[in-house]
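Below you'll find the structure, written out as structure tokens, and then a few comments.
Reckoned from all heavy atoms, side chains included, excluding hydrogens, waters and symmetry mates. Below, chains carry the letters A, B, ... as their sequence lines are ordered, and counting in each starts from 1.
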Amino acid sequence: MSYQEILALEQSKQSSYSPSVVDDEEFVGRALFTPNHIKDGKILPAAFEQIMSPNGMSVLRKGVNFDVSLAEIKKIMIAKQKTYERCVFAHVGSIRSIQCDDNRLICVIDTSRENIIGHADLISTRKVISCSLGKKSLNLYIRRAVARLFNKS
Amino acid sequence: MNSLATSIVKTFLITTCGDSDISTSIIKENIDINMNSLKIERSITTSSLFDNVRIELSQYRSLEEDWDGYGGVKPSNKVIEEVDFFISKLEKLFIKAPDAMVSGAGDISLYWEIDNSYLELNFKEEGRYSYLIEDGKAILGKDDNLIFASLPQEIEDFIYKYLKQDINDSISKFNNLTIINTPNELETKSLIA
């Protein structure tokens with residue numbers, strides 16, 4: 001998928017369960033289930049490494065059935081004997097503004113599921129853009145930039 | 001530094017005091033004791049600070065698959081060992097100790113955050129690391145640096161600028177020796193923290 005094709009995913013609903021595309025003014029939340037990603041009350045950049053994975057990083061839209069969606073996530077995690085730590089939020093417009101050399105680095109896409117209507121994903125464009133940073137150091141830059149936003153809120 | 005400081009003080013005292021043998025031996029002893037104390041204090045302080053990051057690193061060995069709930073993989077033992085080796089290299093520089101973090105992809109980072117400046121060293125593949133430096137508006141980074149090679153100049157610059165300050169303070173304080181000599185008596189005070 002090209003850079004433009006990835007950006008285009010934000011312009012239309014990506015799931016039949018989705019009520020709408022994710023708007024810039026929304027907030028999305030990431031639920032955490034390990035204390036290893038929290039230090040001195042702050043979320044560590046390493047917590048956001050999954051953005052770089054092929055399917056991106058799961059988040060929940062705060063304004064779309066959030067409580068029910070979070071409860072469903074918790075149910076899944078408790079079944080795996082994970083302990084809920086907290087949920088952290090960030091402004092979608094700010095996430096979309098993260099750039100390197102005028103290239104947007106993250107797209108926020110609605111990927112609603114039947115039982116988690118508010119599900120969305122943060123996916124990275126890093127593989128299809130050129131940037132002054134190497135791919136791996138760009139990873140580090142992306143997750144630190146995202147961490148700053150989630151810690152701000 | 002040892003011999004220079006000793007020489008300077010000895011020269012001053014010989015020219016200003018009476019009994020050069022007694023006065024210089026007293027001063028030298030004080031200087032030696034103080035220098036050793038500074039070294040010991042510095043090495044103990046540095047070692048104990050690095051102990052914390054070592055403890056954190058050792059905890060990563062006991063992570064299990066899916067440790068974060070999102071399919072997180074545990075870091076390989078080889079990567080953990082290499083990070084430990086790198087910590088030993090850093091320790092010898094007498095710098096502020098880093099913090100550590102681990103991601104669900106199995107990589108481990110050592111990082112320092114000083115106000116708005118940031119250095120992260122990331123270890124994922126055996127034998128190499130990548131780094132990110134954010135210093136004001138400057139953003140620098142490079143992939144795949146060899147663990148056993150010298151530190152890149154950019155990292156050295158960052159270390160010198162942000163991570164060695166407290167050591168410079170210690171040296172600066174040691175250099176501020178106050179020497180008081182009165183007739184038939186010699187007293188030396190050193191201002192070493």
Side-chain angles (χ1 to χ4, degrees), chain A residues 30-40 42-59 73-85 98-101 105 121-122 124 126 131-148 151, chain B residues 52-53 55-75 83 98-113 116-125 128-135 137-145 152 154-155:
Chain A
R30 173 70 169 176
L32 297 170
F33 295 88
T34 174
N36 284 305
H37 283 158
I38 304 170
K39 191 169 282 182
D40 299 330
K42 285 188 169 182
I43 313 304
L44 296 173
F48 301 99
E49 174 65 27
Q50 203 172 36
I51 293 172
M52 270 50 84
S53 68
N55 296 327
M57 185 182 85
S58 290
V59 291
I73 296 275
K74 282 181 179 178
K75 200 163 69 174
I76 295 168
M77 293 297 185
I78 287 168
K80 296 200 287 182
Q81 296 176 323
K82 303 300 173 193
T83 305
Y84 174 70
E85 293 286 335
I98 297 172
Q99 292 187 341
C100 183
D101 297 344
L105 291 172
D121 277 299
L122 306 191
S124 169
R126 66 180 186 98
C131 173
S132 51
L133 291 174
K135 287 283 186 271
K136 294 173 187 174
S137 44
L138 182 58
N139 272 16
L140 306 182
Y141 174 76
I142 290 171
R143 59 189 213 181
R144 180 160 190 251
V146 172
R148 274 202 291 240
N151 280 315
Chain B
N52 289 339
V53 69
I55 289 169
E56 177 120 23
L57 187 67
S58 68
Q59 290 170 351
Y60 297 160
R61 290 186 191 274
S62 55
L63 291 174
E64 296 175 349
E65 294 306 313
D66 195 25
W67 56 270
D68 61 352
Y70 291 106
V73 298
K74 54 184 281 186
V83 176
D99 285 308
M101 56 182 168
V102 58
S103 89
D107 58 275
I108 296 172
S109 286
L110 302 175
Y111 69 97
W112 297 258
E113 192 159 16
N116 288 326
S117 300
Y118 182 79
L119 167 62
E120 181 178 346
L121 312 174
N122 180 262
F123 303 80
K124 188 167 182 182
E125 289 146 29
R128 53 195 69 214
Y129 67 97
S130 302
Y131 69 84
L132 173 72
I133 295 173
E134 294 191 34
D135 189 0
K137 291 189 177 172
I139 300 170
L140 308 164
K142 192 164 175 287
D143 297 350
D144 298 326
N145 304 277
E154 293 167 337
I155 294 180

* Structure fact -> Taking every heavy atom of A/L133 against every heavy atom of B/L140, the minimum-distance pair comes out as CD2-C, 3.7 Å
* Are side-chain heavy atoms of A/F33 and B/D68 found at a separation under 4.5 Å? -> no
* Taking the side chain from A/H37 and the backbone from B/S103, do they hold a donor-acceptor pair closer than 3.5 Å? -> no
* Structure fact -> If one checks every heavy atom of A/K135 against chain B at 4.5 Å, the contacting part turns out to be both
* Using non-hydrogen atoms and a 4.5 Å limit, figure out which bit of A/P45 sits close to chain B: side chain, backbone, both or neither. => both
* Might you point out which heavy atoms bring A/A46 and B/M101 nearest each other, and give the distance in Å? => N-SD, 3.6 Å
* **Test item: A/Q50 side-chain N/O and B/Y70 main-chain N/O as donor-acceptor pair under 3.5 Å** => yes
* Asked: Is any side-chain heavy atom of A/L44 closer than 4.5 Å to a side-chain heavy atom of B/Y111?
  -> yes
* To do: Check each atom of A/K136 against the heavy atoms of chain B and say whether the ones under 4.5 Å are side chain, backbone, both or neither.
  => both
* In plain terms, say whether B/E120 and A/R144 are close enough for a salt bridge, that is, a side-chain N and a carboxylate O under 4.0 Å apart. => no
* Contact origin within B/Q59 toward chain A - heavy atom pairs under 4.5 Å -> neither
* Audit row: A/R148, B/E134, salt bridge (charged side-chain N to carboxylate O under 4.0 Å, His left out) steps and yes/no -> CA-CA 13 Å; A/R148 274 202 291 240; B/E134 294 191 34; 3.3 Å; yes
* Structure fact -> On a heavy-atom basis, the closest approach of A/E49 and B/A105 is CG-CB, 3.6 Å
* Hey, is B/D107 close enough to A/R143 for a salt bridge, meaning N to O under 4.0 Å? -> yes
* Counting only heavy atoms not in B/E65, do more than 12 fall under 6.0 Å of its CD? -> yes
* Measure across B/Y60 and A/N36 and return the closest heavy-atom pair with its distance rounded to 0.1 Å. => CE2-OD1, 4.5 Å
* To do: Tell me, yes or no, whether the heavy-atom count around A/K42 atom NZ, taken from other residues, nucleotides or ligands under 6.0 Å, exceeds 12.
  => no
* State the CG-OG distance between B/L132 and A/S137, to the nearest 0.5 angstrom. => 6.5 Å
* Can you say whether B/L63 sits under 4.5 Å from chain A via the side chain, the backbone, both, or neither, judging by heavy atoms? -> side chain
* Could you pull out the closest heavy-atom pair between A/K80 and B/D66, with the gap in Å? => NZ-OD2, 3.0 Å
* **B/N116 CG: over 12 foreign heavy atoms closer than 6.0 Å** => no
